[in-house]
Participant: 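Here you go, one structure.
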Number of protein chains: 2
Amino acid sequence: MAAVTLKDVAERAGVSVKTVSNVVRNAPRVSEATRKRVLEAVHELGYRPNPSARRLRTGHSGLIGLAVPDLATPYFAELAQHVRAEAAHLGLTVLIEETMGDATEELRLATGVGASLLDGVILSPLGVSPDELAAVANEFPLVLLGERSYERDQVGADHVLIDNVAAARDATAHLAGLGRTWIAAIGVDQQASATSRQRLEGFQLALHEAGVTYDPRLAPAIKEFDRRNGLLAMRALAALPARVRPDAVFCFSDLLAVGAQRALFEAGLTIPDDVAVASIDGSDEALYSTPSLTSVVPDKTAIASLAVKCLAARIRSAEPLPFEVHTAPHWLHARESTNGGRQQLFG
Amino acid sequence: MAAVTLKDVAERAGVSVKTVSNVVRNAPRVSEATRKRVLEAVHELGYRPNPSARRLRTGHSGLIGLAVPDLATPYFAELAQHVRAEAAHLGLTVLIEETMGDATEELRLATGVGASLLDGVILSPLGVSPDELAAVANEFPLVLLGERSYERDQVGADHVLIDNVAAARDATAHLAGLGRTWIAAIGVDQQASATSRQRLEGFQLALHEAGVTYDPRLAPAIKEFDRRNGLLAMRALAALPARVRPDAVFCFSDLLAVGAQRALFEAGLTIPDDVAVASIDGSDEALYSTPSLTSVVPDKTAIASLAVKCLAARIRSAEPLPFEVHTAPHWLHARESTNGGRQQLFG
DNA sequence: TATCGCGGTTACAACGTTGGAACCAATCGA
DNA sequence: TCGATTGGTTCCAACGTTGTAACCGCGATA
């Protein structure tokens, strides 16, 4: 509690408060002699700058926020690690928040906590509308993660994303390439989120290109992108009459796929012989599941790096910058859930 | 950026800054008439208190930190959610930090960021020594999660934990109860962390009670509690000469068990017929894996609730409180990885 | 009528920090 | 030798908020 302040250090070093401030901020115009003396005092007393005071005075704190829907989703947890690493590289500290996809909470994080505590926020939006976010982005540094919710000419904020349509298309094409003709999709969202719509689009595109007809019965609507919904959806699909029962399924997230795998296991069906499974996310959980899950893995390092750099630039810049859209690469990792066999993991 | 301050609201409402402050803080001694007028102005202007200024003035901000080793570990991600929920209940906001088990980082979070930005910190320590933490706990509200690293009479901070020895003993006893006699343990830590030592103790205790001899070859040392180390350790165990190859394995965490399951799958061994698997954590990943994993699940709700309440009490109290140790309950969930069969999940 | 008490409000200072201007040598150019 | 320049340092004010004390009416009390 005995917080050490600049004043204490100043007295100890026999200089003014401002000089100490200059030293700790690495400002120029400080002689080597005094710098050394001050640093000694800093070290002896264990001085640490008070972020609140600093923020109050300067308007920025070196803290940025990362707001994701759900930390228990491996994809977001892994992404958070990459963002932290990239931010540390730039001398920024990341505070992580969880929105649970709640629109109010997402807005609060961008405006409320954010505007007066954090220098900027990286937000992975789920529930909040584009208009509301655009309004915020104009007055507070904000970078949106994941898919774009708008058309290109309506962009009202910085975006870092992967090409969702292409990613879904790649995964589906891979399934079709195995000769499967009854391909289901799990992840059509009841709320018709942008992610869901784009992945469905890629799914349909790939079907079309493979000459496979799209059957809406094989694309049931779900509530959330979690294991439970994947399990329930796959269970229903597996119970379809034999003539329409799918021989492959594309899940819009790894968690959905894990749930689907579980449903297939319970139903006594074999992966991939009876049903091949592919998904999107590239989480470690998918890699280690049995069988290991074919998944489209977004370049999380690139996403994190682009997002943090973009945010840092916006924070630094005084005048408003034009909004940017960055697209990160993704790759299909074909594994046992489509290829069959047993491979040795080394990762 | 156009931050609305108390001053703006005061002008709008035609009262002093202090009166507005009194209203927003729900202080007494404000007439209904002015209160109403002020709240109107607050609403019209969209005023939001500035946490930095508030923290600077009062010494507390309503923000608490949660520092865990690794967010990509399902157990910690799930715990974070519980902590957030409990804190929200008390009107506190949680900022999540990740230490990667780095001792320096753990200390920095407790003293550096913490002491001047947050009101208190809930820390799940991994690398930092008891002595260093005790020093911090005396001058800053700190609650330690997970296992106790000290003997009872040396406690230098508040603790919320489960009985690790009992938890490990329950899991191992369950394996022994299946008639298994070559029971391996995965999770003996090269750094001999407290968690690891206590779980090994429970493991040995259960073996002793079951009349099974403890063979150090069946308790290999590992580096981290992740999937990869579980995989590598199990692979080595499976390669042991037939006479000592284990017929059951107790993993010190769900991630280790997932890795172990993968290794068994690769080796063509069946769970639980050839090798039964049990672990500790009770994460959703364990529930959904194939076969579903028998795990000791700690009461995360209780852990989070106790930790947040304990921290809140310490923050509120001016004079130093005696340090407390709270133990949360845990239960064994026996599932397919020890029972065999195929059950229908509904969660 | 003078005093007290009290609900309601305001003025002032302070939290720890930093930007800006002022200040004080010492050195330089003319 | 004097004024100007430069490096190094200090003083002052301000960021938005709240604790303390003071203030102002008003009705109740003596």
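Note on naming: letters A, B, ... go to the chains in the order of the sequence lines (proteins, then strands), and numbering restarts at 1 for each one.
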Participant: State whether A:S52 places a side-chain N or O below 4.0 Å from either non-bridging phosphate oxygen (OP1 or OP2) of C:dG16.
Facilitator: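 It does not, given that no N or O in the side chain of A:S52 lies less than 4.0 Å from OP1 or OP2 of C:dG16.
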
Participant: Please state how far atom CZ in B:R29 lies from atom C1' in D:dC23, giving the value in whole angstrom units.
Facilitator: 14 Å

Participant: Is a donor-acceptor pair below 3.5 Å formed from side chain A:K7 to base C:dT17, judging by atom type as modelled?
Facilitator: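 No, the side chain and the base share no sub-3.5 Å donor-acceptor pair.
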
Participant: Side-chain donor or acceptor of B:R57 under 3.5 Å from a matching atom on the base of D:dT17?
Facilitator: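 No, no donor-acceptor pair under 3.5 Å.
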
Participant: C:dT10, OP1 or OP2 - any side-chain N/O from B:S16 closer than 4.0 Å?
Facilitator: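 Yes, such a contact exists.
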
Participant: Quick one: does A:K18 reach the base of C:dG20 with a side-chain donor-acceptor pair under 3.5 Å?
Facilitator: yes

Participant: Round to a whole Å and report the spacing from CG of B:L56 to C1' of C:dA14.
Facilitator: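 Rounded to whole Å, this separation is 9 Å.
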
Participant: Over how many whole Å does the gap from A:R55 atom CZ to D:dT17 atom P extend?
Facilitator: 12 Å

Participant: Applying a 4.0 Å non-hydrogen cut-off, can you work out what A:T19 is touching in the nucleic acid: base, sugar-phosphate, or nothing?
Facilitator: base

Participant: Side-chain N or O of A:S21 less than 4.0 angstrom from OP1 or OP2 on C:dT18?
Facilitator: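 Yes, because at least one side-chain N or O of A:S21 sits under 4.0 Å from OP1 or OP2 of C:dT18.
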
Participant: Measure CG/A:N22 against C1'/C:dT17 and give the value in whole Å, please.
Facilitator: 12 Å

Participant: Remember a base hit wins even if backbone is also touched, and classify A:R54 as base, sugar-phosphate or nothing at under 4.0 Å, heavy atoms.
Facilitator: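 Touches sugar-phosphate only.
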
Participant: Can you see if the side chain of A:R25 gets near the phosphate of C:dT17 - specifically, an N or O under 4.0 Å from OP1 or OP2?
Facilitator: no

Participant: Using whole Å, report how far NE2 of B:H60 lies from P of C:dC15.
Facilitator: 16 Å

